[in-house]
Each structure stands twice: as structure tokens, then as C-alpha cells.
Amino acid sequence: MKSVLSLQVALFVVIVAALAFLPVFASPYGLTLMIGMLGYVTLATAWALFSGPTRYVSLATVAFFGIGAYTVAVFSESMAYPLLLLVSAAIGLLVASVVGFATLRLAGVYFVIFTFGLAELIRQLVTWYEVNMTGTLGRYIFLPVTPEGIYWQLLGLAAITFAISWGVGRSRIGLALKVIGDDEVVAAHCGINVARVKLALFAVSSTIITLVGAIQAPRWTYVEPVIAFNPTVSFLTLIMALLGGANRLTGPLLGAVPLFLLFEWLSANFPNHYSIILGLLFIAIVFILPRGVLAFAEENWKRWRRHEVKTVPGVAE
Amino acid sequence: MTDLLTISGLTRRFGGLTAVDAVSFSVNRGEVVALLGPNGSGKTTVLNMISGHLPPSGGTIALSDEMISGLSPNRIALKGVARTFQLVRGLPSLTVAENVIASLAFGHRKLWGAAARTEALARLEEVGLAHRADQSAQDLTYIDQKRMELARALAAEPELLLLDEWLAGLNPTELRTGIELIQSLKGRGITVLLVEHVMDAVRALCDRCVVMNAGRKIADGPTEKALSHPDVVTAYLGGGHA
Ligand SMILES: Nc1ncnc2c1ncn2[C@@H]1O[C@H](COP(=O)(O)OP(=O)(O)O)[C@@H](O)[C@H]1O
Ligand SMILES: [Mg+2]
């Protein structure tokens, strides 16, 4: 067991190190693609950190992503860059704590609707503030951050997110999340402080999502509420995590990579029908692979193995 | 003998319905007490208030002189109360062993890793389920799910164990093992409050019975005496029970 573990850690370090050298070889377009992909891998993994085991389906992803991006836009001229990221993370954490405290009592579809409403509410608030207080709608972001710099930061954040997700999955709190996902009443009777566990993980997940928005913001140079708080981000994150399987460490990654590439290709080639295709895909995934590709593959593997055993003569059932 | 559980004036209303109406009784340390009564008389609601699943509308619950009424279930669990549910509640996405580890990891012992696994297997062995430890909990039969739920409750090493019709639905052989199992808890210093319709089991196990009807307590005393109380006989005949 120990050696399997160190092998996994070694593999992880090698992959991250290899990815760190990618900007040396990649074209500018390749780098742009990698930034987008890393962003979604991180979003989907962070989303699944909370929503996977607890089954609280959140559509607030873009609320936090947008908060990160907007914080950077608002303070880009008054703060040093590292401080900008810290302030974004702090605001994300604060909003997540307040929102989590108020809403994690909601169950099922009410939580889904609330989180969707939250993202819209924040977008409207920011728009109202910009129009009435600053008299503009959009903001320019001038920051001396190179695409390579953004890539490396996202890679670091992705690596940290994976490490957190891995650690949580093996720890007591990971079990607590699964118990909560199965039955909150039983969870509480086992001694789990259900509200505190949910709040803690929602806050961690949301803070990571905020940081993705903050790190990616300088790529845009110009932001408006409609861009920063685009609900498609929430839906894409959700569908990526679901496709790969939100209950496994690498599930969101396996969903995010192909879907990101597919969406890039679709939006380049079918800009007018993009959202229709997206909707159809969403429906197809939920119907065909409700528990994700990994679970699907595993079940079929087991079935196949069972079949193998049965066909060996002399083996009793 | 000292009181472990002291309930006084306990009341619970659901809208206009008073499901539990000013009920008072106590359970001594080390006793096995039955809470009896026809269906709908409020037994489960009493257990729900003791375990913290429902807050009382009135009255108090004390566990060895400490007020627990109105506390959240996780706090009450940590004070030494464990339970099973009338409609069994397994954790379907976990294995059988993980179901038990859930109460080991977050209960007062905070066991984790190999120690938790060993302990979980021991508790499963006790209920005759060790051979299913690594199966998915959702593949268990109803009876085995009940066993698993009991193992989960026992793993918390409770001072007070609440069983809600745990013996219901068992066949005669299983019933005998079940009764022996509960009997053995007595020797371990676990106090048991059980809701049960199987009268043979009540007679075999219980020192004392508290009988309820329509939310009120109608009898409280040594088993045979409580069961032959005229009000109890009427309530049971009226309630459609033998
Ligand atoms: N959560 C609830 N909401 C509304 N009514 C309830 C609830 N729980 C129990 N009741 C009602 O309270 C009464 C007592 O129920 P219960 O305690 O389950 O009885 P018992 O366990 O003795 O069969 C019943 O009339 C039942 O319908
Ligand atoms: Mg009942």
C-alpha cells in the first residue's frame, strides 16, 4: 500500500513538473487553450470537492468566479498583484461563509435554485453599482502578467486543488461528506456537526473557484458583469464534473479536458448554434451517464469480470 | 441504582395534534426498559426527542443530571446516546464496514484508519455481519441492514441505546439471536430503551415497561404488572393488538 501511494505521489509530481515546461514549447494559441483548460479542470475539481459527495448541486460557480475576476478589475490599479489575489480569495471566502451559513439548510432543488439565483443577484448588483455609482459598465484591466505567468499560477492552483481533494477523500472529513450525502439525519446521529462540515467544504471550494476567476481576469483586459458572471460557466463546470464522475478524484479532470476542447471547437465552428448543442449534450450526459464515465466504466469492467468467472468451467456461482 | 435518563412533562405537538402529551418517566442505569403502546401513540416521537431528531414542544430530558432536551443530535450522540430507526436508515453509497466506521470516526472515540477498521469488524462480528463487511450497504437484505444499523449504534459505545422496533420482521431463529444479543448488552453496562411489539421479547428482556396511549403515559412498572394493568389491556384491545 505504502509503495502504491509513493508511486502515485511521484507520478503526480512528474506530471505537474512536465506541464510546467509546456509554455516553452507551446504556441500562443496552444497556451491560451491550456489556460482555459486548466481553468475548467480546477473549477470542476473544486466544484466536485463539495458537491460530489454531498450531492448539493451548486450553480453558484460563476458567482465566485465572477467575484474573483471583478475584485481584480476593481483593485488592479491600487494594489500589488499578489495582494490582489489574496483580497479576492478573502472576499470569496467571506461571501461563501455568509451564503453557506444562510443556505446550506436548504435541500435538493431549493439549493440548486438558490445558488443559481445568487449568481444572477450578484451580477445585477454589480451592474447596478457600476451604472449608478461609477457611471460606466465595463472596466479595463491592465496588469503586467504574461500568459505564461497566468498558466503557471493556474497550474499551481490546480495542483493544490488536487492535493486538497485527495487529502479530503482519504480523511475523516471526506467520510463525513459522504455520510451527509447519503443521510443527514444519520450523519448527525453519528456525531457529525453537519452544518459545520458543509460550510467548511463549501467555503474551501468557493475560495478556489474565486481564485480561478482572479487569476484568469488579466487575460480579458476588459470585463463587464455579463462576461464575468456568465451562467454558462456554472453549467459547463457542472456538466464536466458529472461527465467524469463527481465522486472520484480524477473524474472532473476526465470530464473537463474533452468537453473543454469540444466546446472550443463548437464555439469556433458553430458560434450561432453553440448553446443549442450545449443543451443537447447536457441532456445526453445526464440521461446516458448519470453517475459519470468512471462509474460507468467500472460497472462494465465488473460485469465483464463476473462474466469471465462464470465461463470458467467448474467455478460455482 | 441511579437515573440515567429522566424525562419530565415531555410534550410534542405537530400542528394541532399533540403526539406526546406531558409524558414523564425515568430509566435507571443498566436497565432494559420497554416503551409500549398501540401504533400512533407517540413512541417513536419520544425516541426522536431523546436523540435530538425533533425538538420538544415542552418538558425536559436529562441524561445523568445534564439537560439534553433541545440539543442537536450530534451533541446528544457525543454525550452517549445511540439509536436505530424504525424504518432502517443505512448509508447506501458506503460499504457495510464504512457504515460502522461512520459512528467510530465521529463519536466520542474518534477512531480512524486501521484501528477503526478492526473495531468495525468486531462490531459486525457481534451482529453476525462480518462476512459482508466490504459489500455495498445497499446490497444487504432488510434484516441485514437492521443488523448493520445496530452495529453502527453499538460502535458508538453508548450509555443509552434507543431501539425502535428493532426486532420487528425477524423470523423465529433471528428473533432468538436478536433477543440474546440485546440481553448481552446488559452485561456490558449499556442501558436500553426499546420500542417493541413482540411481547415475548419484551417479557424476556425488559425489567420495566412504560406504556403509552394517544400520546399519554398510561402505565409504568415491572413488566408483568404493567402489561396486566386494566388501561393497558383496553388500549391494546382497542388499538387492534393482541
Ligand atoms: N414528523 C411528524 N409530523 C407530523 N406528524 C407526526 C410526525 N411524526 C409523528 N407524527 C404523528 O404523531 C403521532 C405519533 O406518531 P409516532 O410517534 O410515530 O407513533 P408510534 O411510534 O407510537 O407508532 C402519529 O399520529 C403520527 O402521525
Ligand atoms: Mg413508531
Side-chain angles (χ1 to χ4, degrees), chain A residues 1-2 5 48 51-57 101 104-105 107 167-201 242 245-249 251 290-292 294-295 298-299 301-303 305-306 317, chain B residues 47-48 50-54 71-95 97-117 120 136-138 145 148-149 151-153 155-158 161-162 164:
Chain A
M1 283 311 279
K2 267 258 151 55
L5 180 63
S51 294
T54 61
R55 302 179 202 174
Y56 274 70
V57 173
F101 193 76
L104 288 172
R105 282 162 218 284
V168 165
R170 297 166 57 92
S171 71
R172 251 184 254 220
I173 201 159
L175 179 64
L177 290 169
K178 284 188 218 156
V179 176
I180 290 170
D182 267 358
D183 190 331
E184 291 195 16
V185 170
V186 171
H189 281 85
C190 285
I192 297 170
N193 188 331
V194 175
R196 196 198 295 168
V197 171
K198 285 194 293 190
L199 186 60
L201 265 289
L242 289 186
N247 272 316
R248 283 143 221 266
L249 179 61
R291 298 200 296 124
L294 281 181
E298 201 171 85
E299 273 156 27
W301 166 245
K302 274 192 195 149
R303 202 170 304 153
R305 283 268 305 262
R306 227 175 290 152
E317 283 205 21
Chain B
L47 295 197
N48 283 342
I50 300 172
S51 79
H53 182 44
L54 285 174
L71 293 185
S72 51
N74 53 303
R75 302 264 309 274
I76 293 176
L78 292 174
K79 291 189 188 296
V81 179
R83 72 174 293 179
T84 63
F85 294 89
Q86 184 174 351
L87 293 172
V88 62
R89 297 180 94 133
L91 302 165
S93 76
L94 303 181
T95 66
E98 284 170 332
N99 262 268
V100 179
I101 292 174
S103 86
L104 291 166
F106 310 105
H108 68 99
R109 287 198 282 173
K110 303 274 181 290
L111 289 186
W112 189 242
R117 165 107 191 149
S136 168
Q138 64 185 351
Q145 286 191 43
M148 177 180 78
E149 217 188 14
R152 192 170 69 203
E157 287 197 337
L161 177 64
L162 309 171
D164 200 348

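Both backbone and side-chain heavy atoms feed into the values below; hydrogens, waters and symmetry mates do not. Chain naming here is simple, since letters A, B, ... match the order of the sequence lines and numbering starts at 1 in each.
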Within a 6.0 Å radius of atom CZ on B/Arg89, are there more than 12 heavy atoms belonging to other residues, nucleotides or ligands? yes
Nearest-0.5 Å distance that lies between atom [atom1] in [X] and atom [atom2] in [Y]:
| X | Y | atom1 | atom2 | result |
| --- | --- | --- | --- | --- |
| A/Ile180 | B/Leu91 | CD1 | CG | 11.0 Å |
| B/Leu94 | A/Asp183 | CG | CG | 11.0 Å |
| A/His189 | B/Arg83 | NE2 | CZ | 5.0 Å |

Okay, A/Ala187 and chain B: the region with an atom under 4.5 Å from a heavy atom over there is neither
Ranked by heavy-atom pairs below 4.5 Å to chain A, first place among B/Ala153, B/Ala102, B/Ala82 goes to B/Ala102
Residue from B/Gly113, B/Ser103, B/Ser72, B/Ser93 scoring the most non-hydrogen pairs under 4.5 Å with chain A is B/Ser93
Residues of residues 191-201 of chain A with a heavy atom under 4.5 Å from any heavy atom of chain B, in residue-number order, are A/Gly191, A/Ile192, A/Asn193
Just by modelled atom types, is the A/Cys190 backbone N or O under 3.5 Å from a matching donor or acceptor in the B/Arg152 side chain?
no
The interface call for B/Ala156 against chain A, heavy-atom contacts under 4.5 Å, is neither
Honestly, the part of B/Leu104 sitting under 4.5 Å from a heavy atom of chain A is neither
